[in-house]
Protein chains: 2
Amino acid sequence: MEKEAREEVKRKFIEFLEKKDFRITNQRRVIIDTVFSTDEHFTAEQLLEWAREKDSSVSRATVYRTLPLLTESNLVHEMDFGKPYKFYDPNYSESPNHNHLICEDCEKIVEFDSEKIEAIENEIGDKLGFTVKSQNLQLTASCDTLKRKGTCDKKSCS
Amino acid sequence: MEKEAREEVKRKFIEFLEKKDFRITNQRRVIIDTVFSTDEHFTAEQLLEWAREKDSSVSRATVYRTLPLLTESNLVHEMDFGKPYKFYDPNYSESPNHNHLICEDCEKIVEFDSEKIEAIENEIGDKLGFTVKSQNLQLTASCDTLKRKGTCDKKSCS
DNA sequence: TTCTTAATGAAACCATGTCTCAACAAAGAC
DNA sequence: GTCTTTGTTGAGACATGGTTTCATTAAGAA
């Protein structure tokens, strides 16, 4: 991930705030700096912790208030894997994909797109009498092949 | 849903308990009677409320302790739709499908299967170097077509 | 019927997340 | 730069969904 891409995304968030007549506060700046200085998925509590390392005054309330702005502006993805807390993902691309493969061995999360699956989903919705508005596909998987090849890049995979 | 089918599923749960050397208590009987007297999905709190109508002594702890037994025995499905609480579904069939269409208008939940989608999922997993273990697909939809036809059977759809 | 011990209910507890409200600070007007 | 308006903030109370503890109860074997 290049530095310009990070700056670009931050600029987009500022634009989003301006368009909504929301104020560009220091806390919001710290939070987006934090979000867009990682490529990893994170939880709200992790974000709070990281943001506080940059500015110890950032409060839990502000983090929880800013996350919906980030998801609304589509710069961050919200993901629910059935755990009691949610995961978030900095979204550098514009793609609206909500398909994730989660490795049960190394906890790696891979996003992917599939037009084929989307087409079938619409077909199924139609058949049932519904119009599909959005979709969310989660695959739980094992990185056995990557491990065998020695190309799994997560620390937890030896 | 026929009466025998309900009895059959209850019998299976008793068998499950016996096999595990778990006791067949009155509370567990009340809870499965409650679960398998509906076709609807429900939350843990709803189940508690319903069970208490049959036997007011059933406690929250027991409901929450029994639900994992029901999911483990595969007689109830656990579903997570990103809300802070989970939904459960009495599972009369043996099918392991985990695909749900949730209507955002009437909150109806429809389960469906798709071999086509599963095939594509495996293909994608392979391509990424993973072996897909399980999948979970959620479609958010609108029942506009059913409403237009006047065939949506939920009370909330007029 | 007795005995062992798993299961239970009540309530304390926990974790994630939301809300309230007085204090603060952006940003426009001057 | 200073003033004024009003959206935003931090601290902590609160809400919610769920889990754990522990004394008591009751399955089920003997």
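Labels below follow one simple rule: chain letters A, B, ... track the order of the sequence lines, proteins then strands, and each chain is numbered from 1. Everything quoted here is computed from the prediction, not taken from an experiment.
In this structure A:K19 satisfies the side chain to side chain contact (heavy atoms under 4.5 Å, CB included) test with no other residue, sequence neighbours excluded. Partners of B:Y64 under the side-chain hydrogen bond (donor to acceptor under 3.5 Å, both in side chains) rule, at least two apart in sequence or in another chain, are B:E45. Applying the side chain to side chain contact (heavy atoms under 4.5 Å, CB included) test to A:S37 and every residue at least two apart in sequence or in another chain returns A:K54. Remark: A:F16 pairs with A:F13, A:K20, A:L69, A:E72, A:S73 by the side chain to side chain contact (heavy atoms under 4.5 Å, CB included) rule, at least two apart or across chains. Taking the side-chain hydrogen bond (donor to acceptor under 3.5 Å, both in side chains) definition, one finds that A:D33 meets it with A:K10, sequence neighbours left out. Residues satisfying the side chain to side chain contact (heavy atoms under 4.5 Å, CB included) test with A:E53, not counting sequence neighbours, are A:E49, A:W50. In this view, B:T62 and B:S59 satisfy the side-chain hydrogen bond (donor to acceptor under 3.5 Å, both in side chains) rule, not counting sequence neighbours.
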What does nucleotides 15-21 of chain C look like as a protein-contact string, B for base, S for sugar-phosphate only, - for none, at under 4.0 angstrom between heavy atoms? -SSBBB-

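Considering every non-hydrogen atom in both B:V58 and B:R52, the closest pair reads O-NE, 2.8 Å.
We find that CG of B:D21 is positioned 11 Å from C1' of C:dA6, with the value rounded to whole Å. Between A:L69 atom CG and D:dT8 atom C1' there is a gap of 11 Å when expressed in whole angstrom units. One interatomic measurement links the two molecules: CG of A:L17 to P of D:dT9, which rounds to 10 Å at whole-angstrom precision.
Residues from residues 23-34 of chain A with heavy atoms under 4.0 angstrom of DNA chain C, sorted by number: A:R23, A:I24. Of all the residues in residues 48-59 of chain B, B:S57, B:V58, B:S59 reach under 4.0 Å from DNA chain C with at least one non-hydrogen atom.
Cluster annotation: B:L128 is connected to B:I117 through the hydrophobic network of ILVMFWY side chains, with a link wherever side-chain heavy atoms come within less than 4.5 Å.
Between B:K3 and B:E7 there is no salt bridge, since none of the side-chain N atoms of the basic residue sits less than 4.0 Å from a carboxylate O of the acidic one.
Every pair tested for salt bridge (Lys or Arg N to Asp or Glu O under 4.0 Å) that includes a residue from residues 135-146 of chain B fails, sequence neighbours excluded, so the list is empty.
If one axis is set at each end of the helix from C:dT1-D:dA30 to C:dC30-D:dG1 from five pairs, those axes are 30° apart, to 10°.
The side-chain contact (heavy atoms from CB on, under 4.5 Å) test with B:V76 is passed by exactly one of B:T66, B:N91, B:V35: B:V35.
In this structure, A:F81 and A:F87 have tilted ring planes: the angle between them lies in the 30° to 60° band.
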